[in-house]
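Below is one structure, written out as structure tokens; the observations come after it.
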Amino acid sequence: MGSRGANVLLTRANRIKQKLQSAMEATVLEVEDVSYQHAGHAAVKDGANETHFNVRIVSSKFDGQSLVKRHRMVYDLLAEELQSGLHALSIVAKTPKEVGGN
């Protein structure tokens, strides 16, 4: 089955965490599923779940990057999720210095 088969068993939140953590070496990573707040929206298909997430990520890889570029980095890492039912992300992307780190 390989690693791909194992990913099916993970929740979307856990897959998002794994992808962002490994690529961004995040010092803070919070992924909150807020899909329940959007049930019944036209863009949410019948019975769809795990569609809306709040992401808070702190990574030194954001150093020198604009807010737009930071968001693009996150969206690029989650492209597969966005193609498979992830509908919306709210992203807070900061560097360790911006949150009072070293």
Side-chain angles (χ1 to χ4, degrees):
M1 219 162 48
S3 63
R4 187 139 176 84
N7 280 349
V8 174
L9 303 176
L10 296 175
T11 64
R12 189 181 305 276
N14 284 333
R15 291 194 308 266
I16 289 171
K17 280 182 185 174
Q18 281 188 351
K19 290 174 184 181
L20 294 179
Q21 185 65 56
S22 63
M24 300 303 297
E25 299 167 8
T27 54
V28 174
L29 179 57
E30 298 168 6
V31 178
E32 179 186 14
D33 185 345
V34 292
S35 304
Y36 67 93
Q37 296 175 358
H38 301 274
H41 285 196
V44 178
K45 303 282 186 271
D46 290 337
N49 56 7
E50 297 186 311
T51 55
H52 293 67
F53 287 86
N54 293 340
V55 174
R56 181 171 178 265
I57 181 169
V58 177
S59 171
S60 59
K61 296 202 178 211
F62 293 138
D63 282 338
Q65 304 293 340
S66 70
L67 189 59
V68 170
K69 175 69 173 164
R70 294 175 190 193
H71 284 209
R72 175 56 48 209
M73 292 164 76
V74 172
Y75 278 114
D76 287 349
L77 288 167
L78 300 179
E80 189 178 312
E81 297 297 334
L82 287 159
Q83 291 165 6
S84 69
L86 176 57
H87 179 69
L89 283 174
S90 170
I91 303 168
V92 175
K94 297 191 178 286
T95 68
K97 288 179 184 150
E98 291 169 337
V99 294
N102 306 348

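Only this structure's heavy atoms are used, side chains among them; waters, hydrogens and symmetry mates stay out.
When hydrophobic clusters are built by joining Ile, Leu, Val, Met, Phe, Trp and Tyr residues whose side-chain heavy atoms come closer than 4.5 Å, directly or via intermediates, Val58 is not grouped with Phe62. Cluster membership for Ile57 and Leu82, using ILVMFWY side-chain heavy atoms within less than 4.5 angstrom, is shared. Put simply, Val34 and Ile16 are part of two different groups of oily side chains (I, L, V, M, F, W, Y) that touch within less than 4.5 Å, one to the next. Each of Leu67 and Val92 belongs to its own hydrophobic cluster when Ile, Leu, Val, Met, Phe, Trp and Tyr are linked at side-chain heavy-atom distances under 4.5 angstrom. Placement of Val31 and Val28 in two distinct hydrophobic clusters is found when ILVMFWY residues are connected by side-chain heavy-atom separations under 4.5 Å, directly or transitively.
Every side chain to side chain contact (heavy atoms under 4.5 Å, CB included) that Ala23 has, sequence neighbours left out, goes to Leu77. Judged as a salt bridge (Lys or Arg N to Asp or Glu O under 4.0 Å), and not counting sequence neighbours, the contacts of Asp76 are Arg72. Ser66 is linked by a side chain to side chain contact (heavy atoms under 4.5 Å, CB included) to Val68, Lys69, counting only residues two or more places apart in sequence or in another chain. With sequence neighbours excluded, the residues that form a salt bridge (Lys or Arg N to Asp or Glu O under 4.0 Å) with Lys61 are Glu25. Remark: Ser84 engages Arg12 in a side chain to side chain donor-acceptor pair (under 3.5 Å) (not counting sequence neighbours). Listed by chain and residue number, nothing satisfies the salt bridge (Lys or Arg N to Asp or Glu O under 4.0 Å) test with Glu32 (two or more places apart in sequence, or in another chain).
Here the closest non-hydrogen pair linking Met24 and Ser59 is O-OG, 2.6 Å. The two residues Gly85 and Thr51 have their closest heavy-atom pair at O-CG2, 3.6 Å.
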Subject >> Full working for side-chain contact (heavy atoms from CB on, under 4.5 Å) between Arg70 and Thr95 >> reply: CA-CA 10 Å; Arg70 294 175 190 193; Thr95 68; 3.6 Å; yes
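In this structure, the side chains of Leu78 and Leu89 come closer than 4.5 Å at one or more pairs of heavy atoms.
Here the side chain of Glu50 pairs no donor or acceptor atom with the backbone of Leu86 at under 3.5 angstrom. For Ser35 (side chain) and His52 (main-chain N/O), a donor-acceptor pair under 3.5 Å exists by modelled atom type.
Taking CG of Leu20 as the reference point, atom CE of Met73 lies at 10.5 Å (rounded to 0.5 Å). Atom CZ of Arg56 sits about 12.0 Å away from atom OG of Ser90, to the nearest 0.5 Å.
Taking 4.0 Å as the cut-off between side-chain N and carboxylate O, Lys19 and Glu81 count as a salt-bridged pair.
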